[in-house]
K.L.:
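Here it is, the structure in full.
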Amino acid sequence: MSAAQFAVFGHPIAHSLSPQIHQAFARQFGIALEYRTIDAAPAEFAAAARRFFAEGGRGANVTLPHKAAAFALADERSEAAMRAGTANVLTPLPDGRNAAHNTDGAGLVRDLTERHRMDLRGHDALLLGAGGAARGVAWSLLDAGVRTLTIVNRTPETADALADAIGEPARAHTRYWEDLDDIGSFDLIINATSAGVLGKPLDLPFGFVGNRATCYDLSYGKAAANFIAWARAANALHAFDGLGMLVETAADAFELWHGKRPDTDPVHDELRRQYG
Ligand code: ATR
């Protein structure tokens with residue numbers, strides 16, 4: 001019998017670290033699996049995902065630009081996926097239907113609290129962006145105890161829609177992107193925009209970076225470089241990219257599929273050594 005089949009769908013996807021991460025987790029338990037990348041253009045994603053499961057695929061990770069489509073095609077959805085309206089994990093159910101999960105928010109919070117040893121309670125957080133990535137983490141930050149979540153998006157209506165969906169106006173509210181210069185200071189600043197992925201500069205002022213601020217980009221590698229450089233120039237106490245979050249979100253998917261919790265630190269540390 002051939003090894004169980006897993007895959008990550010994206011577009012582009014060739015440079016995904018997910019195959020390496022899942023193989024490293026599998027080695028911790030002596031599990032044999034195949035994990036490949038599947039590049040699907042947006043119009044082809046749903047058919048490609050259905051084909052993968054029809055052919056016996058045991059689980060799929062889903063990344064840009066397919067997270068909303070993955071949510072839409074699922075038959076069952078976890079609470080985190082429902083809140084975000086997006087999914088990064090698809091799992092086949094025994095009856096042939098499939099279930100969507102979103103592990104992004106849990107992965108971010110675990111990276112911050114366990115790897116970086118932050119206590120989020122009492123932090124005033126600024127969330128830059130209000131698209132799929134921002135929706136994936138907003139509720140988790142609030143659940144983890146941030147005192148306030150200020151959402152700032154280039155298009156204010158999208159930020160308002162996210163704040164409305166959260167429905168806790170005393171804790172989660174919006175401000176205008178144009179007011180970033182004069183918005184007060186924050187001790188946790190999360191970049192959830194896709195500017196870095198798109199290769200566009202964000203051109204942020206420095207004034208809202210508190211003197212003990214942690215700045216965190218949900219992306220990693222080249223996509224996070226501009227924001228990390230900005231955070232260091234702003235004298236942030238910490239500037240982190242999302243590599244740790246990626247490994248944590250993968251661990252949640254791995255546990256969903258295999259019922260075992262991998263040790264993420266050695267895998268994270270090895271990736272950090274390889275990719276900086
Ligand atoms: P993702 O799934 O990566 O979140 P998305 O849902 O398309 O992708 O959301 C992209 C987010 O990045 C949005 O908040 C977008 O702002 P708009 O709603 O105004 O489009 C934000 N974004 C992308 N490029 C940006 C840029 N150059 N400057 C500021 N915000 C940007």
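Remember, it's 1-based here, ligands and their atoms both numbered in the order they're listed.
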K.L.:
When you compare the side chains of D39 and H11, does any donor N or O come within less than 3.5 Å of an acceptor on the partner?
P.N.:
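Short answer, yes.
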
K.L.:
If you count the atoms of ligand 1 from 1 in the order shown, which ones are under 4.0 Å from a heavy atom of W177?
P.N.:
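Taking each heavy atom of W177 in turn, ligand 1 has 29 (C) under 4.0 Å.
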
K.L.:
Looking at T249, D252, N61, D104, which one forms a side-chain hydrogen bond (donor to acceptor under 3.5 Å, both in side chains) with N88?
P.N.:
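Per the side-chain hydrogen bond (donor to acceptor under 3.5 Å, both in side chains) rule, the option paired with N88 is D104, out of T249, D252, N61, D104.
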
K.L.:
With backbone taken as N, CA, C and O and side chain as the heavy atoms from C-beta onward, which portion of L202 lies under 4.0 Å from ligand 1: side chain, backbone, both, or neither?
P.N.:
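The answer is the side chain of L202.
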
K.L.:
Any idea which protein heavy atom is nearest atom 25 (C) of ligand 1, and the distance to it?
P.N.:
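Checked against all protein heavy atoms, atom 25 (C) of ligand 1 sits closest to R154 NH1, 3.3 Å.
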
K.L.:
Tell me: protein heavy atom nearest atom 9 (O) of ligand 1, and distance?
P.N.:
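Here the closest protein heavy atom is G131 CA, 3.4 Å.
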
K.L.:
Give the contacting part of A133 toward ligand 1: side chain, backbone, both or neither, where contact means a heavy-atom distance below 4.0 Å.
P.N.:
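Both the backbone and the side chain of A133 come within reach of ligand 1.
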
K.L.:
Of I151, N153, L180, I190, which is the lone residue that meets side chain to side chain contact (heavy atoms under 4.5 Å, CB included) with L128?
P.N.:
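With L128 as partner, side chain to side chain contact (heavy atoms under 4.5 Å, CB included) holds for just one option, L180.
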
K.L.:
Under 3.5 Å, is there a donor-acceptor pair linking the side chains of H116 and T214?
P.N.:
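No - no donor-acceptor pair under 3.5 Å links their side chains.
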
K.L.:
Going by the atom numbers of ligand 1, which of them fall below 4.0 Å from some non-hydrogen atom of G129?
P.N.:
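This gives 14 (O) as the contact atoms.
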
K.L.:
Any idea which part of L64 is under 4.0 Å from ligand 1, heavy-atom wise: side chain, backbone, both or neither?
P.N.:
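For L64, only side-chain atoms sit under 4.0 Å from ligand 1.
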
K.L.:
Quick check, are the ring centers of F6 and H22 under 6.0 angstrom apart?
P.N.:
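Not under 6.0 Å, so no.
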
K.L.:
Identify the protein heavy atom lying closest to atom 17 (P) of ligand 1, giving its residue, its atom name and the separation to 0.1 Å.
P.N.:
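Sorting protein heavy atoms by distance from atom 17 (P) of ligand 1 puts T155 OG1, 3.4 Å first.
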
K.L.:
Compare all side-chain heavy atoms of F45 with those of L73 and state whether any distance is below 4.5 angstrom.
P.N.:
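Yes, their side chains come closer than 4.5 Å.
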
K.L.:
What residue and heavy atom of the protein are closest to atom 14 (O) of ligand 1, and at what distance?
P.N.:
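Scanning the protein heavy atoms, the shortest distance from atom 14 (O) of ligand 1 goes to N153 OD1, 2.6 Å.
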
K.L.:
Tell me, which protein residue and heavy-atom name are nearest atom 12 (O) of ligand 1, and how many Å apart are they?
P.N.:
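Residue, atom and distance for the closest contact: S194 N, 3.0 Å.
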
K.L.:
Regarding K260 and E255, does a basic nitrogen lie under 4.0 Å from an acidic carboxylate oxygen?
P.N.:
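No.
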
K.L.:
Could you tell me which residues satisfy salt bridge (Lys or Arg N to Asp or Glu O under 4.0 Å) with D263, sequence neighbours excluded, listed by chain and number?
P.N.:
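D263: no salt bridge (Lys or Arg N to Asp or Glu O under 4.0 Å) contacts found.
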
K.L.:
Can you tell me which residue and heavy atom of the protein come closest to atom 6 (O) of ligand 1, and the distance to 0.1 Å?
P.N.:
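Minimum-distance protein heavy atom for atom 6 (O) of ligand 1 reads G132 N, 2.8 Å.
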
K.L.:
Regarding ligand 1, does A130 bring an N or O atom to under 3.5 Å of one of the ligand's N or O atoms?
P.N.:
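Yes, A130 has an N/O under 3.5 Å of an N/O on ligand 1.
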
K.L.:
Look at D124 together with R147 and state whether they make a salt bridge at an N to O cut-off of under 4.0 Å.
P.N.:
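Between R147 and D124 there is a salt bridge, with a charged N closer than 4.0 Å to a carboxylate O.
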
K.L.:
For atom 21 (C) of ligand 1, which protein heavy atom lies nearest, and how many Å away is it?
P.N.:
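For this ligand atom, the closest protein heavy atom is T193 CB, 3.8 Å.
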
